[in-house]
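Letters A, B, ... are given to chains in the order of the sequence lines, protein chains preceding strands, and every chain is numbered from 1. Quick caveat, the model's predicted, so the values are computed rather than measured.
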Amino acid sequence: MRVTTSFPLGTLRDTPSEAEIISHQLLLKAGYIRRVNSGIYAYMPIMLRVIEKISAIIEKELNNIGCTKLLLPQLHPADLWKKSERWEGYTAGEGIMFNLKDRQGKEFGLAPTHEEVITSIASEIISSYKQLPQCFYQIQTKFRDEIRPRFGLMRSREFIMKDAYSFHSSGNDLALFYERVGRAYENIFKYCGLQTVGVEADSGAIGGASSKEFMVTADAGEDSILFTQSGSYAANIEKAVSIPSKPIPLQENISGWLETPQQKTILEVCKNNNLEASQIIKVVVFLAKFEDKSEVPILACIRGDQHINEVKLFNFINKLKSSNLLNLHKIEDKKIIEKNLVNFPLGFIGPDLDNKIIKENSNWDKTWTRIIDNSASSLSKFISGGNKVNFHKVYQKYSFASKDYLIEDIRNAKKGDKIKTSDDEQLKETKGIEIGHIFQLGQKYSEKLNAKFSDKDGQLKNLWMGCYGIGVTRIAQASIEQNYDQKGICWPIQISPFEVIIIPTNLKDPTQRELTEQVYKIFKINKIDVLLDDREDRAGVKFKDAELIGIPFQIIVGRDSVNNEVELICRTNNTKLKISANKLLETFISESEIMYNKYS
RNA sequence: CGGGGCGUGGCGCAGCUUGGUAGCGCGGGUGCUUUGGGAGCACUAGGUCGCAGGUUCGAAUCCUGUCGCCCCGACCA
């Protein structure tokens, strides 16, 4: 490719002010992407080459384990999503799916994911266990109406994703395949030059039994990961389970009421009354809204020194009813409180809060659904709200087990916690960018969409399914987050748009011009991804651009041309080799081999 | 949805407090010079100042409304 005739660069002199994190700034400044709207980007030619390289790595690894590529529609009929009972949740509830009507008034959604479509198609194709297992994948644009798009391609409303769906005759076969995909993913990320960690994860709205996320560790990450140094445990904070520290027992002599004026937080109560946070039980009120329009008020209790994990709470509440839980919010809004509750002592609520404070004419359930975290359920003497404004009280011989309380893990694990009682190893915390997620879906979708096969015994059974995603555009940006310096991007060679860039310093010099053309021709003939910066600009401009766009090798054709010599520069460590043009190709091949092998 | 900020040429910004009809740097074009680290000089093109009302002899500037974008939070395969 020549910069002047076929590959304009479009680099910027200044960093656009909209970008906050380094990878986003560099993508814009180096001309890889252009913003069209909030969360919507154009991938410029140089970006497309990165996307294609990543895609090729993914395809190779997936084909290796027997997956088959196809391409599914992006416009999905609502009917299909209603069959899987996700239409309401994805449109009205979380509202993550863009949806629209055609001229006939028929409803459609722009696909955020493809379980429904692939399951309905697979069920038409697969009729016998003899055809199983089967795994289809595609690399395609997905749409999600993100509540707040940010960080460029990290959380955008339109993004490229590889999604794969596997079909099996048994849960056991699914589990085996799931592991194979996990290993293929590790290869893919390694070949992309990324440092990743696999963590246990919440399966969220997709559902299913087991799921694992692959995280690029980076400070700019939106997820928190808890892990042990030894590698024995790693989980997303949404999912992580740990052993809480021991509570400090309450003094024997303390009893009765505590006047706690204006002390609404645990910290204030502790400070003013000489208490430890672990001696207090915190009661948080939530409202759960279900797909069948029912609204259930929740009392969630946890030890004062711990935090409620709303993902765990959401999942637990979702299991309590047959209807799908659409959303779960803290009850804080004054208008909502006034409308549904009488004399609600916000900030001073205790675990024995009466059901009678829910107004008769409220459309909420008339009893609190009471849930207590494991960490607090065994406490019998503790401080909590007195259900009276400005008062807390000492609860004695209180038994949650006998008081309609559901006992469950709804607690955030945190750094410093232990994983096992027998082991002193403590959890550490880091930030991560989710670039892959694999799920064992089980039979959730095949049941809903009636996707069956004939098993060996002649019986019709539901297909077992797995699904597996990789954020292709997200990998590109996450990779920059791990590979840059003051001058710009430093691509791992596997996913770099070009392997090498040729920079002639002065094209008016006929010797240089001729040598440049000669070198370019040899590289092209040898199928090396080479970019020729044949602009008539000054050398400095071309050096800066080459560094900014991050091509791993530069060939400088300059003043040594008279001796038939050029320089080969490595972008990452800035090593310079002055070599004869005759030996350039061979040297380049061996140097680039070294770099390729670094990641495999 | 709550809080904050910003909309002025392709990019980065000044001008707004105190109204007088738009400017700087970079980038683009042409010419000459220069040529191994974002060149110099000269000329040049390019803007309904987000949009709509209002106040005023006169609005980028003041007022009202509205739209959009960015950041923090809430939220989130």
Check RNA chain B against residues 31-46 of chain A and give the residues with a non-hydrogen atom under 4.0 Å, in numerical order. Arg35(A), Asn37(A), Ser38(A)

Set out, line by line, the N/O atom pairs under 3.5 Å between protein and nucleotides 26-28 of chain B.
| residue | atom | partner | partner atom | Å |
| --- | --- | --- | --- | --- |
| C26(B) | O3' | Arg13(A) | NH1 | 3.2 |
| G27(B) | OP1 | Arg13(A) | NH1 | 3.3 |

In this structure, which one of Phe7(A), Phe523(A), Phe553(A), Trp491(A) forms a ring pair (Phe, Tyr, Trp, His ring centres under 6.0 Å) with Phe498(A)? Phe7(A)

For G40(B) versus C49(B), give the span between their P atoms, rounded off to a whole number of Å. 32 Å

Could you tell me the separation between the CD atom of Glu536(A) and the P atom of U30(B), rounded to a whole number of Å? 12 Å

Are Thr505(A) and Gln512(A) close enough that a side-chain donor and a side-chain acceptor fall under 3.5 Å? yes

By nearest atom, which of the nucleotides C72(B), U34(B), G36(B) is closest to the Phe151(A) side chain? C72(B)

Between G36(B), C70(B), A77(B), spot the one nearest the side chain of Arg144(A), thanks. A77(B)

Is any side-chain N or O of Gln512(A) under 3.5 Å from a base N or O of G36(B), one able to act as donor and the other as acceptor? no

Work out how far the P atom of U17(B) is from that of A59(B), and round it to whole angstrom. 14 Å

Take Ser294(A) and Lys321(A) through the test side-chain hydrogen bond (donor to acceptor under 3.5 Å, both in side chains) and record every step on the way to the result. CA-CA 10 Å; Ser294(A) 62; Lys321(A) 286 191 71 160; 2.8 Å; yes

Can you check whether Ser17(A) has a side-chain N or O nearer than 4.0 Å to OP1 or OP2 of C13(B)? yes

OP1 or OP2 of C71(B) under 4.0 Å from side-chain N/O of Arg148(A): yes

Would you indicate which nucleotide in C76(B), A39(B), G37(B) comes nearest to any side-chain atom of Phe543(A)? G37(B)

RNA chain B: 5'-proximal contact among Lys487(A) and Met161(A) (nearest heavy atom): Lys487(A)

Parallel, tilted or perpendicular: rings of Trp81(A) and His76(A) (30°, 60°): tilted

